[in-house]
A.B. asks: 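The structure is given below, and queries will be raised subsequently.
Bear in mind that the values here come from a model prediction, so they are computed numbers and not experimental data. All heavy atoms count here, side chains included; hydrogens, waters and symmetry mates do not.
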Amino acid sequence: MGLKLFNTLSRSVQEFAPLDLESKRVGMYCCGPTVYDFAHIGNWRTFVFGDLVRRYLEFKGYAVQHVMNITDVEDKIIKRVRESRAPLSDFTGKFEAAFFEDLKSLNCRLPHQTPRATEHIGPIIELIQKLLDKGIAYRAADGSIYFSIEKYRSAGRQYGQLVKLNFDEMRVGERVRSDEYAKEAVADFALWKARVPEDGEVFWPSPWGEGRPGWHIECSAMSMEILGPSFDLHVGGEDLMFPHHEDEIAQSEGAALQPPGQRFVRHWLHGAHLMVEGKKMAKSLGNFFTLRDLLAKSFSGREIRYLLLTAHYRETFNFTMDGLQSARQSLARLDECLARLREVTGQTKAAEDASLVSNFSEKLDDDLNVSGAWGSIFEWVREMNRRLADRSLDSSAAASALAAWERIDSVLAVGASTEVVAPPEIQALLEARQAARKAKDFKKADEIRAELKVKGWVIEDTPKGPRLRPG
Ligand SMILES: [Zn+2]
């Protein structure tokens, strides 16, 4: 069965078909982090969603080229650089490194390319020049270059492909930002911002004088530079739909580099917002969490990833501490079942159980219905537990079940494929307990068991000897 995804362009669920059907290559661009702070859990919902899309396409046999930009020059960054008095790259480098560490904690596959805006000033200038040549961009009195929505529309192009816009309202309703007073119309946006004293040392030369690129143009220039003028998938949070993504379309299609009849992006995917404890995340409400804040509360990247992957990407998701606790319990149930399957399997190898895999892909093909997929996975866990309990599962059936799990976990990436290894001091306690039992000192053995429990480990006595698991 084919994969169906909601396309924001058509506002409908559509069969996904890449530009290059035969080679099964897919070009995928995800708007990446602005590296002025640690990414928060709302940002991470979007990045984990992007990882799910990529992994599922790879599961389906597509060769994905995954590009994610690093915004390392932007208003907020310049403000912080000015305050910290550090050179731009020292300041952004720290948060960029943290971003990649966090990506790893959440078990996201690394994008194939992570271009930095500051290293693509050349292609950005070229694209702006093309828009000037076409008469869609203009130079304002302050030396900045703006994109003219009016000229773009009168060239027969549509501004408002992802969202419905009311142009009359835009003209009178929107407040003019003081640093953009020079533009001709309120809806116009900056492609190149002329250097001002507050920019400090953050500027580049250009044919129009010193300055820096606007944020929107960076994504158009870098995505087309790497993936070509027309590519398959663009992923981002719904908060970026307007104006960022709409402006990306306007700049990229305004430059008219696409072959006739092709759009800049065929398929736009937007992930919905994340609420925390039922409210919009805000520092003042005490419900603002970076990934690091949650790791410091002793939750693992795996538990956080699992929780983020329990809800459908187009649903607003309420992220809670209780949710994280139940994520921990659900994963423990899964781990328990997998560990027992591994015991029964031993060294036996077998082909994957087709029914688990096909149930899974049937759900994911349906616009990435992860909650449905989890439903069938936990049904499978119950079935496995039942068969393990009445010993009706032989080693080859267990091996086949495990192989199926490994296959679907290439997408979910939450399964601990190997058992969690206890640190040496915990292992030593386990051995001491064994020695006590051997010496028939059951009181001491029980004391050690209790001590392990306090340290967060549970002993399970299995036919193959005692085993430790976190709990
Ligand atoms: Zn972007």
Side-chain angles (χ1 to χ4, degrees), residues 1-16 26 28 30-31 40-60 62 64 106-109 162-163 232-241 245 267-281 301-327 329-331 334 356-381 408-415:
M1 204 178 104
L3 168 62
K4 289 195 177 78
L5 295 169
F6 185 86
N7 187 352
T8 315
L9 272 179
S10 65
R11 288 147 183 92
S12 63
V13 177
Q14 286 181 338
E15 187 92 27
F16 173 73
V26 171
M28 167 172 154
C30 302
C31 287
H40 60 63
I41 193 66
N43 303 138
W44 284 113
R45 183 183 190 198
T46 308
F47 296 129
V48 168
F49 163 54
D51 184 61
L52 173 76
V53 174
R54 169 183 167 179
R55 283 174 177 269
Y56 191 58
L57 286 167
E58 289 175 341
F59 172 95
K60 301 277 292 178
Y62 291 105
V64 181
L106 288 169
N107 215 3
C108 292
R109 284 187 180 149
L162 298 171
V163 287
D232 299 300
L233 269 177
H234 197 309
V235 178
E238 67 179 355
D239 52 325
L240 297 188
M241 213 184 280
H245 290 161
H267 222 112
W268 285 87
L269 289 182
H270 288 101
H273 284 300
L274 178 117
M275 315 273 277
V276 178
E277 305 291 348
K279 293 197 175 72
K280 193 169 182 264
M281 214 180 352
R302 180 182 177 233
E303 288 160 349
I304 297 164
R305 179 183 173 94
Y306 170 82
L307 182 57
L308 291 174
L309 285 179
T310 51
H312 191 267
Y313 72 95
R314 287 197 285 127
E315 269 168 29
T316 301
F317 181 57
N318 186 21
F319 189 95
T320 64
M321 294 303 132
D322 285 352
L324 276 172
Q325 290 294 351
S326 24
Q329 287 159 12
S330 302
L331 285 172
L334 183 64
L356 178 65
V357 177
S358 67
N359 275 342
F360 173 78
S361 57
E362 203 177 288
K363 301 290 188 327
L364 274 267
D365 274 346
D366 179 16
D367 195 25
L368 305 171
N369 176 8
V370 277
S371 31
W374 282 116
S376 51
I377 290 166
F378 281 104
E379 219 168 84
W380 170 82
V381 166
I408 64 176
D409 194 46
S410 70
V411 178
L412 299 166
V414 296

A.B. asks: Taking the side chain as C-beta and beyond, is there a heavy-atom pair between Leu5 and Leu368 under 4.5 Å?
C.D. replies: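 Side chain of Leu5 against side chain of Leu368, heavy atoms only: contact under 4.5 Å found.
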A.B. asks: Is any side-chain heavy atom of Leu274 closer than 4.5 Å to one of Trp44?
C.D. replies: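 Answer no - side chains too far apart.
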A.B. asks: Given Val64 and Asp232, is the side chain to side chain contact (heavy atoms under 4.5 Å, CB included) satisfied, shown in steps?
C.D. replies: CA-CA 10 Å; Val64 181; Asp232 299 300; over 6 Å; no
A.B. asks: Is there a side-chain contact between His234 and Leu240 (heavy atoms, below 4.5 Å)?
C.D. replies: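 A side-chain contact under 4.5 Å is absent here.
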A.B. asks: So do Val411 and Leu52 actually touch side chain to side chain, heavy atoms under 4.5 Å?
C.D. replies: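 In short, these two side chains touch, coming nearer than 4.5 Å.
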A.B. asks: Has the side chain of Arg55 got a donor or acceptor atom that lies under 3.5 Å from a matching backbone atom of Ser410?
C.D. replies: yes
A.B. asks: Could you tell me the separation between the CG atom of Leu364 and the NZ atom of Lys60, rounded to the nearest 0.5 Å?
C.D. replies: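 One finds 9.0 Å between CG of Leu364 and NZ of Lys60.
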A.B. asks: Do the side chain of Asn318 and the main chain of Gly278 share a donor and acceptor less than 3.5 angstrom apart?
C.D. replies: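 At least one qualifying donor-acceptor pair exists.
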A.B. asks: Kindly indicate whether the side chain of Cys108, heavy atoms from C-beta on, has any atom under 4.5 Å from the side chain of Arg305.
C.D. replies: yes
A.B. asks: Would you please name every residue forming a side-chain contact (heavy atoms from CB on, under 4.5 Å) with Asn7, sequence neighbours left out?
C.D. replies: Leu9, Ser10, Gln14, His267, Trp268
A.B. asks: Let me see the working for Asp51 and Arg109 under side chain to side chain contact (heavy atoms under 4.5 Å, CB included), right down to the final yes or no.
C.D. replies: CA-CA 6 Å; Asp51 184 61; Arg109 284 187 180 149; 3.7 Å; yes
A.B. asks: Which heavy atom of Ala311 sits nearest to which heavy atom of Phe317, and what is that distance?
C.D. replies: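 Closest heavy-atom pair between Ala311 and Phe317: CB-CD1, 3.4 Å.
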A.B. asks: Assert yes or no for the condition that the ring centre distance of Phe59 to Phe360 is strictly below 6.0 Å.
C.D. replies: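 Ring centroids of Phe59 and Phe360 are less than 6.0 Å from each other.
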A.B. asks: Run through Phe49, Phe6, Tyr56 and flag the one making a ring pair (Phe, Tyr, Trp, His ring centres under 6.0 Å) with Tyr313.
C.D. replies: Phe49
A.B. asks: Taking the side chain as every heavy atom from C-beta outward, state whether Ile377 and Leu412 have any atom pair closer than 4.5 Å.
C.D. replies: yes
A.B. asks: Kindly compute the distance separating CH2 (Trp374) from OG1 (Thr310), expressed to the nearest 0.5 Å.
C.D. replies: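 If we round to the nearest 0.5 Å, Trp374:CH2 and Thr310:OG1 are 9.0 Å apart.
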A.B. asks: Just verifying a value: how many Å separate Met275 CE and Thr320 OG1, rounded to the nearest 0.5 Å?
C.D. replies: 12.0 Å
A.B. asks: Quick one: pull up CG in Leu3 and OG in Ser361 and give me the separation to the nearest 0.5 Å.
C.D. replies: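 Between atom CG of Leu3 and atom OG of Ser361 there are 10.5 Å.
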A.B. asks: For Thr8, which residues count as a side-chain hydrogen bond (donor to acceptor under 3.5 Å, both in side chains) partner, sequence neighbours excluded?
C.D. replies: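 Result, side-chain hydrogen bond (donor to acceptor under 3.5 Å, both in side chains) vs Thr8: His270.
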A.B. asks: Restricting to salt bridge (Lys or Arg N to Asp or Glu O under 4.0 Å), what partner residues turn up for Arg54, sequence neighbours left out?
C.D. replies: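 Residues passing salt bridge (Lys or Arg N to Asp or Glu O under 4.0 Å) with Arg54: Glu58.
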A.B. asks: Test side chain to side chain contact (heavy atoms under 4.5 Å, CB included) on Leu324 and Ile304 and set out the steps.
C.D. replies: CA-CA 7 Å; Leu324 276 172; Ile304 297 164; 3.9 Å; yes
A.B. asks: Listed by chain and number, what are the side-chain hydrogen bond (donor to acceptor under 3.5 Å, both in side chains) partners of Tyr62, not counting sequence neighbours?
C.D. replies: none
A.B. asks: Heavy-atom distance under 4.5 Å between the side chains of His273 and Asp239, does that happen here?
C.D. replies: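 Yes, at least one pair of side-chain atoms sits under 4.5 Å.
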A.B. asks: In chain order, what residues pass the side-chain contact (heavy atoms from CB on, under 4.5 Å) check against Asn359, with sequence neighbours excluded?
C.D. replies: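 Listed in chain order: Ser376.
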A.B. asks: Output, in order, the C-alpha distance, side-chain angles, deciding distance and verdict of side chain to side chain contact (heavy atoms under 4.5 Å, CB included) for Tyr306 and Leu334.
C.D. replies: CA-CA 12 Å; Tyr306 170 82; Leu334 183 64; over 6 Å; no
A.B. asks: Hey, what do you get for CG (Leu331) to CZ (Arg302), rounding to the nearest 0.5 Å?
C.D. replies: 4.5 Å
A.B. asks: What distance do Arg45 atom CZ and Thr316 atom OG1 have between them, rounded to the nearest 0.5 Å?
C.D. replies: 7.0 Å
A.B. asks: Apply side-chain contact (heavy atoms from CB on, under 4.5 Å) to Ser358 and list each qualifying residue two or more places apart in sequence or on a separate chain.
C.D. replies: none
